[in-house]
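This report refers to the structure that appears directly beneath it.
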Amino acid sequence: MKAETAAPTAEFIQRLSATRRGARLARRLAVHRLDGWGIPYGSELSDAAGLIVAELAANAVTHGRVPGRDFELRLLLTGATLRIEVSDACAERHPTAAAKPPSVDAEAGRGLLVVSALATVWGSADRSVGKTVWAELSSAVDASDASPGVRGERLGGRCGGAQLSR
């Protein structure tokens with residue numbers, strides 16, 4: 001028997017440039033949209049979602065960047081679940097949970113530990129071009145009160161010198 005999934009009652013989709021500025025804008029747009037859905041700025045859920053978006057967007061820009069291609073931010077509010085998705089055009093590099101934390105003096109390697117600590121569950125999935133890294137948070141907001149979002153489009157591109165097909 002297959003479990004049924006509820007249709008999202010609020011959705012926001014936006015393509016952003018695969019730059020540090022685009023990653024910063026993703027975080028700001030996410031908390032702004034959440035505020036519009038009744039999840040106020042500075043609330044525990046808004047802060048956690050902002051951190052997760054920041055980490056996933058930074059990873060998309062740093063590790064999944066394909067010259068000339070954008071990344072996509074998608075927020076879905078369904079019942080008591082907020083799903084955050086960040087998609088990029090690079091299918092070759094799926095994130096994995098670190099076996100152990102990085103050394104104390106390491107300059108990188110903590111982003112997905114932050115995502116793991118804040119999210120109820122997270123993972124990654126292939127898509128027609130590239131991959132999507134997602135995380136889910138529990139929400140106390142009634143998603144039926146949320147306003148609709150904006151839709152973007154998906155792109156393909158080059159990643160690590162390999163041509164990706166549509």
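Keep in mind that what you see is a predicted model, and the values were worked out from it rather than measured.
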Reported CZ-to-CZ distance for the pair R69 and R15, which is rounded to 0.5 angstrom: 9.5 Å

Exercise: do S116 and W122 side chains pair donor with acceptor under 3.5 Å: yes

Would you list the atom pairs, donor with acceptor, under 3.5 Å between side chains in residues 45-57 and any protein atom, with sequence neighbours excluded?
none

CZ-CD1 distance between R74 and I84, expressed to the nearest 0.5 angstrom: 13.0 Å

Exam field: side chain S43 to backbone I39, donor-acceptor pair closer than 3.5 Å: no

Interatomic distance, D88 atom CG to N59 atom CG [nearest 0.5 angstrom]: 9.0 Å

Partners meeting side chain to side chain donor-acceptor pair (under 3.5 Å) with T81 (sequence neighbours left out): none

Spacing of CD belonging to E85 relative to CD belonging to E136, to within rounding of 0.5 Å: 8.5 Å

CD1-CD distance between I13 and E72, expressed to the nearest 0.5 angstrom: 5.5 Å

Nearest atoms (heavy-atom pairs only) where V61 meets T19: CG2-O, 3.4 Å

Distance-minimising heavy-atom pair for D35 and P40: OD1-CA, 3.4 Å

Hydrophobic cluster membership, L76 vs W134, 4.5 Å side-chain cutoff: no

Verdict with supporting geometry, R127 and S87, side-chain contact (heavy atoms from CB on, under 4.5 Å): CA-CA 9 Å; R127 59 186 214 143; S87 302; 3.4 Å; yes

Nearest atoms (heavy-atom pairs only) where A119 meets L137: CA-CD2, 3.8 Å

Minimum-distance pair of heavy atoms, taken over all atoms of V31 and Y41: O-CE2, 3.5 Å

V86 versus A60, closest heavy-atom pair with distance: CG1-CB, 3.8 Å

Rounded distance (nearest 0.5 Å) linking atom CZ of F12 with atom CG of L73: 6.0 Å

In one Ile/Leu/Val/Met/Phe/Trp/Tyr side-chain cluster, 4.5 Å: L75, V121: no

Test side-chain contact (heavy atoms from CB on, under 4.5 Å) applied to L16 and Q14, step by step: CA-CA 6 Å; L16 299 146; Q14 180 67 52; 4.1 Å; yes

Pairing residues for R27 by the salt bridge (charged side-chain N to carboxylate O under 4.0 Å, His left out) criterion, not counting sequence neighbours: none

